[in-house]
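A quick write-up on the structure given underneath.
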Amino acid sequence: MTTNIQGKVVAITGASSGIGGATARLLAQEGAKVVLGARRVDRLEALAADLKAKGGEVRFRALDVTKREDVAAFVDFTVKEFGRLDVLVNNAGVMPLSMLAELKVDEWNRMIDVNIRGVLHGIAAGLPVMQRQQSGQFINVSSTSGHSVAPSTAIYSATKFALRAITEGLRQEVGPHLRVTLISPGATESELAESISDPNMREAVKGYRKGAIPAEAVARAISYAIAQPAEVDVSEIIVRPTAAKY
């Protein structure tokens, strides 16, 4: 067990699969009390049952991060169940890539709603709790697309650039008792490509992601940031496949 993780209450959005699911598994194994949120309740239920069978302390609740009241209820549920909120992992995200000329405005808006507003809703719900406690940590999951732009990633990258700005602003504002971490994964095994509506683009992205790192690698980065002593704030971690050059 990792002393600085054991017993901590960690709420995770987008916890039904990918990085969120892997993070829940690892942190529960390390002794954290985890609260899972996502839209797919059947997957949350299955994951929670598995973690409980292995001795983990876990709760779950349906969650749509685009709805502020949903995120507020998720945080309230966490505090009601475990008495506090030590870490909020803002992980939920979507990536329906497309060329701008295709004018997929609904998909642009969906990325803005989930990838930016969803995190802001998490901050709005979690910050007052952590300020009352005089302790806590936000971990915002971004992407290497928040550091560079390529054809088809303009809007997705824009949301991740915005997330970097929000996270850095939050870090500077919260004072000495709260910690703020940005995790920027490169190609990672997940279901993100499934949100791409254009079949050719979807297959191209799947091809690019053949060398992807497992979600567990990102979960270990998140665990590392949480495990540091209270006076140590790991501000940003970029984790990508060894072969990646961008």
Side-chain angles (χ1 to χ4, degrees), residues 8-16 18-20 23-24 27 32-41 44 59-95 108-143 145-146 155-184 222 225-226 230 233-237:
K8 281 193 171 181
V9 178
V10 183
I12 305 169
T13 73
S16 60
I19 292 170
T23 300
L27 295 181
K33 301 173 183 179
V34 296
V35 182
L36 316 175
R39 290 178 301 152
R40 295 178 293 188
V41 179
L44 293 180
R59 305 288 189 273
F60 68 91
R61 182 185 175 92
L63 172 64
D64 181 346
V65 298
T66 68
K67 299 177 180 177
R68 182 179 178 184
E69 64 274 15
D70 241 27
V71 183
F74 177 63
V75 168
D76 288 346
F77 173 74
T78 299
V79 175
K80 180 180 179 181
E81 290 295 309
F82 289 121
R84 58 186 297 108
L85 171 66
D86 295 304
V87 184
L88 177 59
V89 181
N90 285 309
N91 167 71
V94 293
M95 190 188 72
W108 301 349
N109 287 334
R110 178 67 177 165
M111 281 188 278
I112 291 167
D113 286 344
V114 176
N115 300 352
I116 300 178
R117 288 196 178 95
V119 173
L120 291 173
H121 292 162
I123 293 169
L127 187 55
V129 175
M130 294 181 187
Q131 287 175 324
R132 287 195 299 270
Q133 296 171 169
Q134 286 290 283
S135 68
Q137 183 174 14
F138 289 95
I139 296 183
N140 296 335
V141 179
S142 182
S143 168
S145 291
I155 306 304
Y156 180 68
S157 290
T159 66
K160 296 304 185 177
F161 271 82
L163 182 53
R164 282 179 65 202
I166 291 164
T167 303
E168 175 60 13
L170 179 65
R171 186 192 68 78
Q172 293 182 29
E173 290 181 16
V174 293
H177 303 296
L178 273 61
R179 304 192 296 177
V180 181
T181 300
L182 186 74
I183 305 289
S184 297
I222 292 171
I226 297 172
D233 187 357
V234 178
S235 300
E236 183 170 4
I237 299 176

Pair S235, D233: side-chain N/O donor-acceptor within cut-off below 3.5 Å: no

Under a 3.5 Å distance rule, please check whether S157 uses its side chain to pair with a backbone N or O of S145 as donor and acceptor. yes

Please name the pair of heavy atoms, one in I222 and one in T23, separated by the smallest distance, quoted to 0.1 Å. CD1-OG1, 3.5 Å

To the nearest 0.5 Å, what is the distance between CG (L163) and CG (L120)? 8.5 Å

Taking everything shown except R39 itself, do over 12 heavy atoms lie less than 6.0 Å from its CZ? no

Shortest non-hydrogen pair, E81 vs R59, comes out as OE1-NE, 2.7 Å

What distance do L182 atom CG and S143 atom OG have between them, rounded to the nearest 0.5 Å? 10.0 Å

Nearest non-hydrogen partners of I12 and F74, listed with the distance: O-CZ, 3.8 Å

Flag side-chain contact, heavy atom, 4.5 Å: I19 against V89: no

For F60, the option from V41, V34, V35 that meets side chain to side chain contact (heavy atoms under 4.5 Å, CB included): V41

Heavy-atom donor-acceptor pair, Q133 side chain to L85 backbone, under 3.5 Å: yes

Only counting residues at least two apart or in another chain, list the ones meeting salt bridge (Lys or Arg N to Asp or Glu O under 4.0 Å) with R171. E168

Kindly give the heavy-atom pair with the smallest separation between A72 and A125, and that separation in Å. CA-CB, 3.9 Å

Heavy-atom closest pair (V234 atom, T181 atom, distance to 0.1 Å) is O-OG1, 2.7 Å

Do side-chain atoms of R164 reach the backbone of G146 as a donor and acceptor pair under 3.5 angstrom? yes

Donor-acceptor pair, distance only, cut-off 3.5 Å: does the side chain of R179 make one with the backbone of I226? yes

Starting at CZ of F82, measure out to CZ of F77 and round the result to the nearest 0.5 Å. 8.0 Å

D86 side chain to V10 main-chain N or O, any donor-acceptor pair under 3.5 Å? no

Looking at D70 and D64, would you say the former's side chain and the latter's main chain have a donor-acceptor pair under 3.5 Å? yes

Are the side chain of N115 and the backbone of V94 linked by a donor-acceptor contact shorter than 3.5 Å? yes

Any chance CZ of R84 has more than 12 other-residue heavy atoms, nucleotides or ligands included, within less than 6.0 Å? yes

Interatomic spacing from CD in Q131 to NE2 in H177 - rounded to 0.5 Å: 11.0 Å

Nearest-0.5 Å distance, CG of residue N90 to NE2 of residue H121: 11.0 Å

From T78 atom OG1 to L88 atom CG, the distance as rounded to the nearest 0.5 Å: 8.0 Å

Without swapping roles, check the side chain of T13 against the backbone of N91 for a donor-acceptor pair under 3.5 Å. yes

Measure across S142 and S184 and return the closest heavy-atom pair with its distance rounded to 0.1 Å. CB-OG, 3.8 Å

Let me see the working for I116 and I166 under side-chain contact (heavy atoms from CB on, under 4.5 Å), right down to the final yes or no. CA-CA 9 Å; I116 300 178; I166 291 164; 4.0 Å; yes

